[in-house]
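The structure appears below as structure tokens.
We count ligands from 1, going down the list as the structure has it; atoms in each ligand are counted the same way. For clarity, every value in this text was computed on a predicted model and none was experimentally measured.
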Amino acid sequence: MTSRPTGRALSTTAVTSGRPRAVPDAPLSEPVTLTSTYIADADGSMPPGRVYARASQPNWEALESTLAQLEGAESAFAFSSGAAAMDAALSLVEPGGTVIMHRHGYAGTFTLADAHAAARDVRVVRVDFLDPASLAGLVVDGPALLWAESCTNPMIEAIDLPALARMARRLGALFVVDNTFSTPLTVRPLAHGADVVVHSASKYLAGHSDVIAGLTATSDPELASRMLAHRTAYGAILGPHEAWLVHRGIRTLGVRLDRAARNARELARRLRDHPAVDAVHHPSLDGDPSKPVADRLWDGYGGMISLTLVAEPGTPSVERADAVIAAAHLVVSATSLGGVETMWERRTRHGEPESVPDSLIRLSVGIEDVEDIWADLDAALSA
Ligand SMILES: Cc1ncc(COP(=O)(O)O)c(C=O)c1O
């Protein structure tokens, strides 16, 4: 979290960017603007950028300029959800094109990509981004879009973004990176060759499990104008209150992520040594296959862990995982991540690919005191 592209730490940029102009009497925080339209000039012409609130909105702009600065992008666009942001990014592949994805990823992304395939004559190919042979053998005909998660759901794999960027260039493909699990404070995909970054802002960016929102960012003017046109035409826009909440959340991203990542590192180590735990996935751990890539590309190791349990004779592993999850009191059983509260769930509830163990538990580490989280996890694992 120490990158200083503008001479300041990104955690400082998160605090300062997107403020109203600093003139006496100005509010320090962008006020929530509730309007559907803007008053025209005396001659009936529309003020630049202020035509109608489906096309532009001050609370989006404050949020977008903040994310653009954090991601090192020329522009960013807010959407009504991460899914809507992903839809705008997937729409960048032309009909007849191919979307290439890793075998592991957010289940909703696979659903959405399949929907594009059905509706727009797009082919979806899923390969193993961690297997150089499967990448080297990739051949596509026509337009293509390579889609990666910087840190994958739910296996917590660090993806080698520069290697994929080279692959994208070889294929003439656009390179889109979902940076939801990492945030720009951990990794900045555009600096590693991505064309577009996508976020579910419902997670770490907003950070308090109280809003659904999405964002895209890019430095390519053509891709920017296509995503803006997509948002304006389809209307998957973010409400002003929600934009304000995400922007407010980003203000504390540095301290939240610092604490969550510190907690996660300690918990990953303790979980690995717990007699009820079989495997732990967190790039901070010596021997974790993602550690070398994370050490090279990431700033810190993030707050996401996944784990499997030691088999108990006579109890199916899925039942055992569900029982452990239900036995926790502080750690919340819920599907999401990146909030201040620690939460966990068995991911195959959502139909993960076969390579994801049935009993895999995904743990989103929050900012509670690490000893309290550990006491709860230890008690649940020992129940
Ligand atoms: C990695 C990732 N990308 C995108 C999304 C979709 O975001 P949203 O739920 O905000 O629509 C999610 C949601 O869980 C996610 O985990």
Side-chain angles (χ1 to χ4, degrees), residues 60 63 67 71 76-91 99 101-116 126 129 145 147-159 161 176-184 186-187 189 194 196-217 227 230-231 234-239 242-243 245-247 249-250 257 260 281 302-306 332-339 341 343-353 356 360-365:
W60 306 345
L63 168 62
L67 186 82
E71 289 288 5
F77 302 100
F79 290 84
S80 54
S81 64
M86 294 195 301
D87 182 54
L90 279 168
S91 299
V99 177
M101 310 179 108
H102 181 41
R103 63 179 180 152
H104 299 141
Y106 171 54
T109 313
F110 296 143
T111 306
L112 192 58
D114 289 344
H116 276 259
R126 277 157 71 174
F129 284 173
L145 186 153
W147 184 287
E149 294 174 2
S150 47
C151 168
T152 69
N153 174 73
M155 300 303 290
I156 319 302
E157 299 152 323
I159 294 299
L161 299 179
V176 178
V177 175
D178 183 331
N179 205 23
T180 299
F181 276 37
S182 303
T183 88
T186 300
V187 65
V196 175
V197 177
V198 170
H199 280 275
S200 167
S202 326
K203 318 297 189 206
Y204 283 105
L205 296 182
H208 296 74
S209 308
D210 53 9
V211 64
I212 296 288
L215 283 150
T216 63
M227 288 190 287
H230 184 90
R231 180 180 70 181
Y234 287 87
I237 59 165
L238 190 59
E242 286 74 12
L245 275 172
V246 177
H247 195 203
I250 289 176
L257 193 60
H281 306 282
M304 298 299 298
I305 296 175
S306 59
V332 181
S333 167
T335 186
S336 196
L337 62 113
E341 54 289 284
M343 59 178 83
W344 59 355
E345 68 168 335
R346 184 171 56 76
R347 278 307 288 182
T348 53
R349 293 192 313 180
H350 305 285
E352 296 288 348
V356 173
L360 187 93
I361 297 173
R362 192 185 73 186
L363 177 66
S364 169
V365 177

Give the table of side-chain donor-acceptor pairs shorter than 3.5 Å for residues 203-216, with sequence neighbours excluded, one pair per line with atom names and distance.
| unit_1 | atom_1 | unit_2 | atom_2 | d |
| --- | --- | --- | --- | --- |
| K203 | NZ | S336 | OG | 3.2 |
| H208 | ND1 | A206 | O | 2.9 |
| S209 | OG | E341 | OE2 | 2.7 |

Per-atom contacts of ligand 1 with [X], taking only distances under 4.0 Å to non-hydrogen atoms:
X: D178; answer: 1 (C), 2 (C), 3 (N), 4 (C)
X: A83; answer: 6 (C), 7 (O), 8 (P), 11 (O)
X: S202; answer: 8 (P), 10 (O)
X: S200; answer: 4 (C), 5 (C), 6 (C), 7 (O), 8 (P), 10 (O), 12 (C)
X: A213; answer: 10 (O)

Legend entry - Nearest protein heavy atom with distance in Å, relative to atom 5 (C) of ligand 1: Y106 CE2, 3.4 Å

Legend entry - Heteroatom distance test (G82, ligand 1): nitrogen or oxygen, under 3.5 angstrom: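 N/O-N/O distance under 3.5 Å: yes.
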
Legend entry - CZ-CG distance between R231 and D87, expressed to the nearest 0.5 angstrom: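 Here the interatomic distance stands at 13.5 Å.
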
Inset, instruction - Could you check which of K203, H199, M86 puts a non-hydrogen atom nearest to atom 14 (O) of ligand 1? - result: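 Among K203, H199, M86, the closest heavy atom to atom 14 (O) of ligand 1 comes from K203.
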
Inset, instruction - Scan side-chain atoms only and decide if E149 and H102 contain a donor-acceptor pair under the 3.5 Å cut-off. - result: no

Legend entry - Residues E345 and H350: side-chain donor-acceptor under 3.5 angstrom: yes

Inset, instruction - Output all residues satisfying ring pair (Phe, Tyr, Trp, His ring centres under 6.0 Å) with H230, sequence neighbours left out; order by chain, then residue number. - result: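 Scan of H230 (ring pair (Phe, Tyr, Trp, His ring centres under 6.0 Å), adjacent residues dropped) gives Y234.
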
Inset, instruction - Going by the side chain to side chain contact (heavy atoms under 4.5 Å, CB included) test, name the single residue among M101, H104, R103 that passes it with F110. - result: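 Only one option passes, and that is M101.
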
